[in-house]
Amino acid sequence: MQLTLDRPKLISLAAGFTDNESLPVEETSRMLRLILSNARISRESLQYGSTAGDAVLRKATAERLKKADQPAARYDGNYKSDSVLITHGSQQFLYLMTECLCDAGDIVLVEDPTYFVYLGILQSRGVAARGIRLETDGLDLSDLERVLEDLKEKALLPRVKMLYLVSYFQNPSGVTTSARKKADALALLRRYEKHAGHPIYLLEDAAYRELRFAGDDEPSALTLSRDRVIYTGTYSKPFATGIRVGFGLAPEPLLTVLTRVKGNHDFGTSHLAQHIVRAALHSKAYQKHVGVLRERYAAKAAVLCRALKEFFPPTVNWQVPRGGLYVWAQAPCDTGQKSPLFQRALEKNVLYVPGELCYAEDSTRPIPQNEMRISFGGATETEMTEGVRRLGIALKQLS
Ligand SMILES: Cc1ncc(COP(=O)(O)O)c(C=O)c1O
């Protein structure tokens with residue numbers, strides 16, 4: 001992100017920015033006017049709120065999730081507003097959750113590859129990550145079982161606290177893990193937690209759930225268990241990333257601990273920002289905007305795929321995305337930060353995310369060196385086409 005901001009000529013197919021043109025400027029100013037012209041709400045929004053978050057927004061969040069999970073939402077308790085913590089983006093929830101649940105030396109299971117910023121959180125807390133292979137339809141359950149068995153044999157299960165799963169249009173691979181696979185993964189965690197001596201949670205990160213432009217929604221893991229699923233989502237990517245409002249749901253006693261620790265961090269998420277989201281949900285401006293974004297990203301993904309087909313050598317493999325912001329590609333050459341490809345791309349003023357960054361430090365397997373994440377979020381259609389053309393030239397020269 002910094003490189004993108006520092007080098008204005010750089011075409012960034014790397015940064016996780018969302019589409020700039022479609023940011024809801026009009027809607028947000030309308031919401032702000034509404035909020036600030038109301039005698040009571042204006043003062044409320046400019047005052048401290050509660051650490052757990054605005055009561056109306058928590059309720060709306062729980063209700064929206066329940067609706068999205070219908071008809072599979074069978075555990076009413078999972079969709080109570082009391083189970084919702086409003087956070088400064090879902091990023092803060094991920095940090096808080098890790099801080100509260102994990103001690104240094106603990107282990108979190110992650111997908112191979114995974115959201116690399118989360119790997120940074122784990123690293124900063126001294127928590128180890130074990131990678132679980134990912135298939136085109138989500139988590140590889142036999143690999144999950146193999147890793148759990150290995151940890152059991154090494155008497156390391158007591159250190160395992162959770163499985164972190166980016167289940168919808170995953171960052172970076174674009175893969176979605178089906179509800180059936182999530183159920184099977186939970187069953188495996190249950191089986192092995194007997195040897196851990198404490199719960200092993202499934203932390204479902206649904207940051208891209210609303211950015212679906214093909215196929216049907218999958219029920220969340222909240223439909224699968226009343227006490228082992230932690231869920232986080234966001235109002236940032238589907239509306240405005242700068243709003244920085246996200247949320248998380250967790251069973252007790254986790255939620256109380258998370259709320260106390262959040263209080264130590266910040267007393268609660270920006271009350272004004274929460275009021276904007278609340279007003280946007282109430283007026284349906286939010287829902288309308290999600291519809292606009294879905295069409296926008298479908299169009300941008302199509303432009304990117306057309307460019308990939310035209311300019312990349314046929315030896316590069318990639319999947320057509322059905323949602324989210326990313327295409328994950330396998331090249332016939334090294335793509336790492338120190339590779340000639342990455343250097344040549346930089347010389348040509350194009351940036352992608354080297355796939356190696358998305359893998360945990362896990363000595364039990366090598367890190368693939370030939371992958372790259374290409375985003376259709378921030379760059380314009382013209383930039384994407386030009387960026388892929390330049391990258392294609394570099395790839396053809398080096399492979
Ligand atoms: C998988 C995933 N989770 C969480 C986040 C955090 O997003 P936010 O804090 O804007 O909700 C991101 C942002 O890129 C992400 O890719």
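Counting starts at 1 for both ligands and their atoms, following the listed order. Residue indices begin at 1 and follow the sequence shown. Treat the numbers as computed from the prediction; the structure is a model and nothing was measured.
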Residues [X] and [Y] bridged, charged N to O under 4.0 Å:
X	Y	value
R146	D150	no
R306	E310	no
D112	R365	yes

Tell me the contacting part of H88 for ligand 1: side chain, backbone, both, or neither, using a 4.0 Å heavy-atom threshold, strictly below.
neither
Element-labelled atoms of ligand 1 that are located less than 4.0 Å from some non-hydrogen atom of A207:
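Checking each atom against A207, I get 2 (C), 3 (N), 4 (C).
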I'd like to check which ligand 1 atoms, numbered from 1 as shown, lie under 4.0 Å from a non-hydrogen atom of T234.
8 (P), 11 (O)
Aromatic ring pairing Y231/F247, orientation class (parallel under 30°, perpendicular over 60°, tilted between):
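The arrangement is parallel - the two ring planes meet at less than 30°.
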Ring pair (Phe, Tyr, Trp, His ring centres under 6.0 Å) partners for Y352, two or more places apart:
F342
Applying ring pair (Phe, Tyr, Trp, His ring centres under 6.0 Å), can you list everything that pairs with Y208, at least two apart in sequence or on another chain?
Y326
Within less than 4.0 angstrom of ligand 1, does Y208 place any heavy atom?
yes
Protein heavy-atom partner closest to atom 9 (O) of ligand 1 - residue, atom, separation in Å
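Ranking protein heavy atoms by distance from atom 9 (O) of ligand 1, first comes R244 NH2, 2.8 Å.
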Is S236 in polar range of ligand 1, meaning some N or O pair under 3.5 Å apart?
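Yes, S236 has an N/O under 3.5 Å of an N/O on ligand 1.
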Which one of S167, S90, G16 has a non-hydrogen atom at the shortest distance from atom 8 (P) of ligand 1?
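Nearest option to atom 8 (P) of ligand 1, by heavy atoms: S90.
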